[in-house]
Student: 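Structure in structure tokens, see below.
Fair warning: this is a prediction, and the values are worked out from it, not measured in the lab. Every chain is numbered from 1, with letters handed out A, B, ... down the list of sequences.
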There are 2 protein chains.
Amino acid sequence: MNIGDAARASDVSAKMIRHYERIGLIRTSSRTQAGYRQYHERDVHLLRFIRRARDLGFSLDQIGQLLSLWDDPGRASADVKRLAEAHIADLDTRIAALSEMRTTLTTLAQACHGDHRPDCPILQGIADAT
Amino acid sequence: MNIGDAARASDVSAKMIRHYERIGLIRTSSRTQAGYRQYHERDVHLLRFIRRARDLGFSLDQIGQLLSLWDDPGRASADVKRLAEAHIADLDTRIAALSEMRTTLTTLAQACHGDHRPDCPILQGIADAT
DNA sequence: ACTTGACTCTCCCATGATGGTAAGGTTTAT
DNA sequence: ATAAACCTTACCATCATGGGAGAGTCAAGT
């Protein structure tokens, strides 16, 4: 399987597959004589894992750790759970930050009449925020 | 006022002030004979505006638009409101994406006993996600 | 006057994840 | 044989920010 097929099958772009290889997230694949990377079902499986972990917001660094655990038959599920919970906490932090922005901005926007007149509590609010 | 003072007063790093100047977000400041940038109260005011808009999650590009409106005495508040509401919609999208990740991951983590045993629904769930 | 420390200047590099493009080689199908 | 579709590497861009090097400047204390 060439990289394009692996990309289509895993929903990871060829560009990213090469990138993951270069940063050491995945092993270097075998090559044809012409230098084409060759992939197999298990590689696609791995790439799909990566893709889904990305969809869950894990960083490539965290995914690296997940992959070591995935590969390790003697892993403790507690280790995986710890990673996941740390990531949930991180998501919570980010959600809270965005929500706070949203709240503040919504309050400002509600106070703005939004017509042709120039006076606008949004700009005032940004300028004068405590 | 030198850049360091302006940075402290506005809570925008000197590094960023130079950057904002270079990308055209703020005007080039006057310089001393030695080439030191000189700032005044109104510059600090502007930088604080930028800082707060950043805190609300506006991109520098959006901030550029906000600044034009800020500077324009004949602006229509509707234009500002439109920008703000577009940004709120963007925040909503991002919050929803993160929340969905959080939900999925929490479900997986709850199913993981998190002990010394290797079997772990989190890794399974990532690998087998629909 | 001279040193010292704190400041400033520009320039280059790095982040994280991804995409684009260019210039060239390969494979496959017509 | 030729064209289409693919692959390769290498470089550049994004976005906002920080780090560091190497050199110049300024103010305060000796």
Student: If we check side chain to side chain contact (heavy atoms under 4.5 Å, CB included) with A:Leu25, which of these qualifies: A:Ile17, A:Leu46, A:Ile50?
Tutor: A:Ile50

Student: How close do A:Arg51 and A:Asp11 get, heavy atom to heavy atom, and via which atoms?
Tutor: NH1-O, 2.6 Å

Student: Once you measure the plane-to-plane angle for B:Trp70 and B:Phe49, does it fall in the parallel (<30°), tilted (30-60°) or perpendicular (>60°) bin?
Tutor: parallel

Student: Do NZ/NE/NH1/NH2 and the carboxylate oxygens of A:Arg102 and B:Asp92 come within less than 4.0 Å?
Tutor: yes

Student: Should the heavy atoms of other residues, nucleotides or ligands under 6.0 Å from CD of A:Gln38 be counted, would the total exceed 12?
Tutor: yes

Student: Got a sec? Which of residues 26-37 of chain A come in under 4.0 Å of DNA chain D, heavy atoms?
Tutor: A:Arg31, A:Gly35, A:Tyr36, A:Arg37

Student: Are the charged groups of A:Arg52 and A:Asp55 less than 4.0 angstrom apart, N to O?
Tutor: no

Student: Using a strict heavy-atom distance below 4.0 Å, which residues from residues 57-71 of chain B are in contact with DNA chain C?
Tutor: none

Student: Just the rounded figure in Å: distance from C1' of C:dT26 to CG of A:Asp5.
Tutor: 15 Å

Student: Quick check: closest heavy atoms across B:Cys120 and A:Ser77, and the distance to 0.1 Å?
Tutor: CB-CB, 3.8 Å

Student: Can you see if the side chain of B:Ser13 gets near the phosphate of D:dG18 - specifically, an N or O under 4.0 Å from OP1 or OP2?
Tutor: yes

Student: Going by an N to O cut-off under 4.0 Å, is there a salt bridge joining A:Arg117 and A:Asp119?
Tutor: no

Student: Tell me: CD1 of A:Ile50 to P of C:dA17, nearest whole Å?
Tutor: 12 Å

Student: Give a yes or no on whether a salt bridge exists between A:Glu21 and A:Arg27, defined as a side-chain N under 4.0 angstrom from a carboxylate O.
Tutor: no

Student: Shared ILVMFWY cluster between B:Val12 and B:Tyr36, side chains joined below 4.5 angstrom?
Tutor: no

Student: When you measure from every atom of DNA chain C, which of residues 14-24 of chain A have a heavy atom less than 4.0 Å away?
Tutor: A:Lys15, A:Met16, A:His19, A:Tyr20

